[in-house]
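See structure below.
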2 protein chains.
Amino acid sequence: MSKRVTMADVAREADVSLMTVSRVINQADSVSDGTRQRILDVIDTLGYRPSGIARGLATQRTGTLGLVVPDIANPFFSGVARGAEQIAYTEGYNVFLCNSEEDTAREVDILQSLEEKRVDGLILCSSRLEDDDLAQALSAHAFAVLFNRRIDSDSIRSTMVDDESGAIKLTRYLLSSGRRRIGMLAGPPASHSGHQRLRGYRAALAAADLTLSDDLVIPCTPSVTGGMSAASDLLSVHSQLDALICYNDLVAVGALQACAELELSVPEDIAIAGFDDIPISGLVTPPLTTCSVPLQTMGEAAMRLLLNQISGCNSTDLDTVFYPELVVRAST
Amino acid sequence: MSKRVTMADVAREADVSLMTVSRVINQADSVSDGTRQRILDVIDTLGYRPSGIARGLATQRTGTLGLVVPDIANPFFSGVARGAEQIAYTEGYNVFLCNSEEDTAREVDILQSLEEKRVDGLILCSSRLEDDDLAQALSAHAFAVLFNRRIDSDSIRSTMVDDESGAIKLTRYLLSSGRRRIGMLAGPPASHSGHQRLRGYRAALAAADLTLSDDLVIPCTPSVTGGMSAASDLLSVHSQLDALICYNDLVAVGALQACAELELSVPEDIAIAGFDDIPISGLVTPPLTTCSVPLQTMGEAAMRLLLNQISGCNSTDLDTVFYPELVVRAST
DNA sequence: CTGTTAGCGCATTCAC
DNA sequence: GTGAATGCGCTAACAG
């Protein structure tokens, strides 16, 4: 591997100064067509590729962004990531993908490493940090967009799902279809989404003048196995439940499996509803009633918000809120 | 936002030279404990964070890697990405995630942008480029690991699934369970995996002295909808098929749906088998018989291979080959 | 339209 | 143990 071709090599070969080469590369127009073409030719034959890091040092802008998710293997976040990456790509940015593993220490560590890499901005999904710690960890970053989380800061925007309204729709629908004893698998205790969805559930019940015991709500790990064990725990104690609202679709799939093991038929014996409408939700048996969150679109929106902040044009952009839609399928 | 704290600020504040600060940061031992502690304190109170790009410029190593996948929303690749990112994180690297969208032009573009970012190495999954173009696009990168693809080069290793043996296992199993008219939804024509799986299918049939028309093999887009339309196309012409091997599980799920629409019951009328064993495969109805590929483990292996190459220690590492395992479920 | 000077923030020689 | 000089590859600000 011979030494890398630098701008100096190009300049020498084309018999111009560094500056002129730099101008050609940066699309500046103040270069005569002749020289420009000559330089472009030299760049081509030499196979010159400008160094992003050198440029980054000089300009204080790296053209890189960070995307922090709890787990990229979770279809929810891989959908968001796809949307976000797509927009970043079309705008010429590269994206660091980081898995926080729902671990606050790792989250802080990641935020620091992204700072060392001098990202121009970042999107942080489902942070598990306390407000103060989050503000602290983010303080070194000029621009950030939070996903499903809000924080008081000028430079930080949010892209949100209105979880509460979604949960209200879901609960109201179950009530309207005659269900009265509705339990909830509420997700991780520290989850903002979980809290909001729980609020919605309670609000809808209250609006229907229905009071249910808090025993019907239990937390769970947001995964298929988490849903399965939580559902069997809950149902073994409260066998009279006729519906279950789940933190998300993965949990709901687990609940379906638990019902199968308990020989409860869905939706006859018990209705199961999820949240998010991830790709598998329409493919399981029975297909899941759920609340649809436009994953990819939200990823795109978050990235647009971030890039607008960075470019400073539309820095007056407000937070983006998405309203989930009820998707009725056979599980209810 | 005040100006960033630099090493010079730390040096001045601690009343030492730049060099000493640099030594402390890089763990060099030739610094007295007193000075070291004083510097660490200053770093802490000033909130100094070394600039990765400046360091990258000076050392020619960025501590960043590239991961190129066709589509991160595909559970196959998000599994791989999770494994790869996990290893990279523990070794102190950051990973650029890029979606090639199965588009060769975009793939080349991505490889160039990763070169400009001066990544230390990259993992490239399921490249759709011709061998020559691939070698060309990779030539600027010191280290690369290919996923499910081999190429003749000293600096390029591969992590492979033995697709052929997997397809043989699958086909042999179907034959042993009495299926005789086995069709195949073979995936994208340009897919290396597709070719190998097709080879395995043919080899197993040949070994059983069974000759089937090539009409029973058709290409398809590697998605649920692709599988659905391909399956209904194939079955509308060849209604006598008693089994279908699918390029991957997504395609198989599509095939299941096509069968449902055609009112064919699985597995009574026709057996459906997939490939990869992605998370949803055990959750659909009926659960899919498939060939299990350890996604996350493969991602980890690919990343280890890459990091070993980069560090130069085990540069004699061979390619890693994973043998898929037959997973029999109710769809066959 | 083009070139010169200066620095971005850090690590790598060498000296002391 | 510590420091001074030099350069990594590029762009910004000014001259011409």
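Naming: A, B, ... by sequence-line order, numbering from 1 per chain.
Listed by first and then second residue, the salt bridge (Lys or Arg N to Asp or Glu O under 4.0 Å) pairs that reach into residues 104-113 of chain A are Arg106(A)-Glu85(B), sequence neighbours excluded. Sequence neighbours left out, the pairs with a member in residues 65-78 of chain A that pass salt bridge (Lys or Arg N to Asp or Glu O under 4.0 Å) are Asp71(A)-Arg82(B).
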Tabulate atom names and distances for all N/O pairs under 3.5 angstrom spanning the protein and nucleotides 14-16 of chain C.
none

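The CD atom of Glu116(B) lies 9.0 Å from the CG atom of Asn94(A); values are rounded to the nearest 0.5 Å. With rounding to the nearest 0.5 Å, the separation of CG in Leu307(A) from OG in Ser311(A) is 7.5 Å. In this structure, CG in Leu65(A) is found 12.5 Å from CG in Leu97(A), a value given to the nearest 0.5 Å.
Listed here is the closest heavy atom pair of Asn74(A) and Phe76(A): OD1-N, 2.8 Å.
If you check every strand for non-hydrogen atoms under 4.0 Å, Met7(B) touches sugar and phosphate atoms only. Using a 4.0 Å heavy-atom criterion, one finds that Ser30(A) contacts the bases of the nucleic acid, with or without backbone contacts as well.
For the residue pair Gln37(A) and Asp41(A), a side-chain donor N or O sits within less than 3.5 Å of a side-chain acceptor on the partner. When only modelled atom types and interatomic distance are considered, Ser193(A) and Asn148(A) share a side-chain donor-acceptor pair under 3.5 Å.
Asp9(A) pairs by the salt bridge (Lys or Arg N to Asp or Glu O under 4.0 Å) definition with Arg12(A), not counting sequence neighbours. Evaluation of the salt bridge (Lys or Arg N to Asp or Glu O under 4.0 Å) rule for Asp319(B) yields Arg150(B) as partners, not counting sequence neighbours. Under the ring pair (Phe, Tyr, Trp, His ring centres under 6.0 Å) criterion, Phe96(A) pairs with Phe96(B), not counting sequence neighbours. For Glu130(A), the side-chain contact (heavy atoms from CB on, under 4.5 Å) partners at least two apart in sequence or on another chain are Asp133(A). By the salt bridge (Lys or Arg N to Asp or Glu O under 4.0 Å) test, Arg55(A) is found to be paired with no residue, residues two or more places apart in sequence or in another chain being considered. In terms of the salt bridge (Lys or Arg N to Asp or Glu O under 4.0 Å) criterion, residue partners of Asp131(A) (sequence neighbours excluded) are, by chain and number, Arg149(A).
Atom C1' of nucleotide dG3(C) and atom CG of Asp15(A) are separated by 12 Å, given to the nearest angstrom. Going from atom CD of Gln27(B) over to atom P of dA11(C) covers 12 Å, rounded to whole Å. For Arg4(B) and dG9(C), the CZ to P distance is 9 Å, given to the nearest whole Å. Atom CG of Asp9(B) is separated from atom C1' of dC10(C) by 13 Å (rounded to the nearest Å).
When the nearest nucleotides of DNA chain C are assigned to Val16(A) and Val5(B) by heavy-atom distance, the more 5′-ward of the two goes with Val16(A). Heavy-atom distances to DNA chain D give each of Thr20(B) and Arg118(B) a nearest nucleotide, and the one nearer the 5′ end belongs to Thr20(B).
Bending across the helix from dC1(C)-dG16(D) to dC16(C)-dG1(D), expressed as the angle between its end axes from five pairs apiece, amounts to 30° (10° rounding).
Using a 4.0 Å cut-off on heavy atoms, the residues of residues 50-65 of chain B that approach DNA chain D are Leu57(B), Ala58(B), Gln60(B), listed by number.
Between Thr35(A) and dT2(C), a side-chain N or O to OP1/OP2 separation shorter than 4.0 Å is present. Dashed line: the shortest gap from a side-chain N or O of Ser32(A) to OP1 or OP2 of dC1(C) is not under 4.0 Å.
Here the range on DNA chain D touched by chain B, meaning any atom under 4.0 Å from one of its heavy atoms, is dG1(D) to dG9(D).
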